[in-house]
Protein chains: 2
Amino acid sequence: MNEKKKLTLKDIGRELGISVSTVSRALKEHPDIAQETIKLVKDYAESNNYVPNLLAVNFRKNRTFNIGLIVPELVHHFFSTVISGAISEANNQGYNLMVSQSNDILKDEVLASRAMLNSSVDGLLISISNETHEGKHILEFLEKGKPVVQFDKITEKLPTPKVIVDDKDGASAAVKHLIEEGFTKIAHIRGREDVKNASERCEGYKNALKVAGLENHDYWIKTCIKISEQEGYDFTKELMEGENPPNGIFCITDLVALGSMRYLKENGYAIPKEVGIMGFSNWMLSSVVSPRLSSVEQHGFQMGVESTKLLLEMIKKQDVESIQTVELKTELIVRESSRMSNSEM
Amino acid sequence: MNEKKKLTLKDIGRELGISVSTVSRALKEHPDIAQETIKLVKDYAESNNYVPNLLAVNFRKNRTFNIGLIVPELVHHFFSTVISGAISEANNQGYNLMVSQSNDILKDEVLASRAMLNSSVDGLLISISNETHEGKHILEFLEKGKPVVQFDKITEKLPTPKVIVDDKDGASAAVKHLIEEGFTKIAHIRGREDVKNASERCEGYKNALKVAGLENHDYWIKTCIKISEQEGYDFTKELMEGENPPNGIFCITDLVALGSMRYLKENGYAIPKEVGIMGFSNWMLSSVVSPRLSSVEQHGFQMGVESTKLLLEMIKKQDVESIQTVELKTELIVRESSRMSNSEM
DNA sequence: CTGTTAGCGCATTCAA
DNA sequence: TTGAATGCGCTAACAG
C-alpha cells in the first residue's frame, strides 16, 4: 500500500551515468576507484539516502547476520540475563539475535532449532533442555557449516565450544563460607541427578565438607525435581524434623532457598543465628527478601557476551571444529542469611 | 570448511530432465502441472531431502519471515513473559522473533530499530522507552510499509495498533479490594508522571477512593523515579512517619511493595493487620515472599500473543493503516498482604 | 580506473 | 502441460 520503492545501485548508476559495478565498488571505497568518483557516488547516495538491500546482499553472500539463541526458559532471571549479554555483543558486531525457547521439552527444542537452521541464522547459541541427550538437531547445524556454541546447560557429547560457570568451585566456596561462619552441620538441597550443573554443585558441596573434615550424611542431601520454592520448604521440613537436623543449608537455587527460609521462619528458627542459608544464582529477589539471601553470582551477562564472542569468531572464520571450553568464575555474595560474624564488609 | 552445498531446483531439473520452472511449480502443486510430474518431482525432492534456500526465496519475495521485538528491559519478569508469548505465537505462524532492548535509552532504541529495519524484519513489536516521544524511528517502519504494533508502554502519537493492559481498572480493583477489606486510609506509591501506565494506575487509585468517599491527600501520593525496592522502603518511611499515616498502601509494582513491606516489618508493623499492601504485576516473587503479596496480574503472555497476532495479520494484509487499541483485562490476585477477612478463598 | 558479464536460487510471465 | 527467458539487487572475475 505504502511501500516506497527503494533506491538501488542501478538507479544511482543510471542517474550518474556510470555502471552498477563502479557504484558498488565506490560505495565500499575500493582502492581501484578514483577518489572523485568515490566522492561523487557517496555524496549522491547519502543525499538520496541509499540503503543497500540486505536481502540481496545476504542472498549473494549466503549469510544472514542473524544468530539464533535457544534457552529452556525465557522467563527466568539467569537466562534472560544471559540473553541480555548476547544481544549486547551481537549488536556490537552488527548481528541481530533470534530468540526461542524449548520449555525443557526436546520436541520444542528440535522445532525451534529447525526453524532457525533453514537459512535464517548464521550460527546458534544453545542451552540444552533436560531432555536433550543425543542432539542430532544440533549436529545438523554443524553439517551445514553453521557453528554452534553451548552455554550453561551443556552436554559433552556435542563437539562444540562450551561456556559454563564453574559450578563446583562456586558451590565449594559457598559451603566453605558457611563453615567459616561457624556452621558445622550443613545440608544440601540439590537438583536432578541427570543435570550436570546440579551434580557439579553437589560435588562442590561434598568436597568442601570433606576438606573441612565435617560430618556428612546422605540423609542431608535432598533432591529437587522442579527446583521450586515449595520443594525448598518441604525438604527443609524433612531436614529439620529429622534425627540430626543441620544448622546450615546450601540450596541449589535462590528460589529453593526462599522456600527453605519460609519454613524456618514459620517454625521459629532464627536465620542465620540458628540456621544459615546459602542460595545460588544471585537472582534479583535475593537482595530484596528478608533476611537478605547470600548467594553465588554466576555472571550471566558475561556468559552471554563470551558465548556470542566465541560464536561470531567461528562464524567469521567459517570454523565448526573448535571445541574449547570456557569456564567462568563465580562470585560469592555474602548477605544476612549466612553472616554470623561482622568480620567482613 | 564443512559446508555441504545444498540441492537446488536446478539440480533436480537436471537430474530429472525437466526445466527449473516446472520443478518449482511441481513442488507447490501448481494446477497446471501433471499429477505424475508432481509426484515424480516431489518424490525426488523428498528422498534427496531438498530444502528451499530461504535466502533466495525471501530475496525474491522481499520478505524475511522474521519479526522484531524491542522492550526497555529484557531482564524483567513482565517483559520476558510478553516475549515468551510473542515467540509462541510467532513460531506457530512460521515466523521467527528477533529480540532487542533499549535500556530505556532513546539512542539505544533507535539503534536497535534501525538494525532491524534494514530488511531483517517484516514488522515490529515495540514497548517504547521512557525517553521516546516523537518516535521518528518508528515512523520509518511505516514509511517502508512494515507494520508496527505497540504494547504496554505506548504513545498515542504513533499511528499504530496498541495492545495495553487496563491499568486504570486494575488499579481501581486493587484499591477497591483494600477498601473492602476494611482499610480506610490508603496511600499510593506511584511511578513517573510522564509514564502513561503510572498515571493510569494513579487515576484508578484516585477513582476508587472517590467512589468510596474515603479520605484522599496529595501527601499520600509518593512518586518513584526508578521503581526500586529502596524507593518503596524510603517512601513508606515517609508515609508512616508523617502526620496522618495510612493503613493501606497501593504500590505501583511488586518490587516497590517489597520495599514497603521491608520497612513495615523492620519497624514492627503487622501486615496486613495494621497495614495492608497491594502490589501490581504479579511477579513470581510476590508468591514467594512472606507475607505473600497481593497483586494484579497483567497477563503478559497473552499480551505477547495478542500483539503478535495483530502484527502478523497486518503483515499478511500489507496493512500499515490500522490503529485499533486492544485493552486486556487484569486479574486481582489476593494473597496475605491484604487479606483481613477470611471471607474469600 | 571502469565497464561488461555472469550468476547466486527462485518465481513468474510469456510462448509454445 | 511444459519450457525459455527474465529479473529481484548485488558482487566479483575478467577484460579493457
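To find a chain, count down the sequence lines: A is the first, B the second, and so on, and within it residues start at 1.
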Query - Closest to the A:Pro52 side chain, choosing from D:dG3, D:dT1, D:dC10 - result: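 Looking only at heavy atoms from C-beta outward on A:Pro52, the closest nucleotide is D:dC10.
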Requested in this report: Can you run down the ring-ring contact (aromatic ring centres under 6.0 Å, His included) pairs that involve residues 11-49 of chain A, sequence neighbours left out, and say none if there aren't any?
Outcome: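 Counting only pairs at least two positions apart or across chains, no ring-ring contact (aromatic ring centres under 6.0 Å, His included) contact touches residues 11-49 of chain A.
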Report task. Sorted by first residue and then second, give each ring-ring contact (aromatic ring centres under 6.0 Å, His included) pair with at least one member in residues 302-322 of chain B; sequence neighbours left out. Result ->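 For residues 302-322 of chain B: none.
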Can I get a per-line list of side-chain donor-acceptor pairs under 3.5 Å for residues 303-312 of chain B, giving both atom names and the distance, sequence neighbours left out?
| from | atom 1 | to | atom 2 | distance (Å) |
| --- | --- | --- | --- | --- |
| B:Ser307 | OG | B:Met303 | O | 2.6 |
| B:Thr308 | OG1 | B:Gly304 | O | 2.7 |

Requested in this report: Check whether the side chains of B:Thr64 and B:Asp122 place a donor and an acceptor atom closer than 3.5 Å, and report yes or no.
Outcome: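 Result is yes, a qualifying pair exists.
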Would you kindly give the [atom1]-to-[atom2] distance between [X] and [N], to the nearest whole Å?
X: B:Asp11; N: C:dC8; atom1: CG; atom2: C1'; answer: 13 Å
X: B:Leu27; N: C:dC10; atom1: CG; atom2: C1'; answer: 11 Å
X: A:Phe59; N: C:dG7; atom1: CZ; atom2: P; answer: 13 Å
X: A:Lys10; N: C:dG3; atom1: NZ; atom2: P; answer: 16 Å
X: B:Leu7; N: C:dG9; atom1: CG; atom2: P; answer: 11 Å
X: B:Asn53; N: C:dG7; atom1: CG; atom2: P; answer: 18 Å
X: B:Asn62; N: D:dG7; atom1: CG; atom2: C1'; answer: 14 Å
X: A:Leu54; N: D:dC8; atom1: CG; atom2: P; answer: 18 Å

**Report entry** ring pair (Phe, Tyr, Trp, His ring centres under 6.0 Å) partners of B:His137, counting only residues at least two apart
**Finding:**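 B:His137 satisfies ring pair (Phe, Tyr, Trp, His ring centres under 6.0 Å) with no residue once adjacent residues are dropped.
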Report task. Select from B:Ile38 and A:Thr8 the residue whose nearest nucleotide in DNA chain D is closer to the 5' end of that strand. Result ->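 First, find each residue's nearest nucleotide; the 5'-ward one identifies B:Ile38.
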Query raised in the report: Mind checking what makes side chain to side chain donor-acceptor pair (under 3.5 Å) contact with B:Lys39, not counting sequence neighbours?
Result: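 B:Lys39 satisfies side chain to side chain donor-acceptor pair (under 3.5 Å) with B:Asp43 once adjacent residues are dropped.
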**Report entry** Heavy-atom protein contacts under 4.0 Å, nucleotides 11-16 of chain C, coded B base, S sugar-phosphate only, - none
**Finding:** BBB---
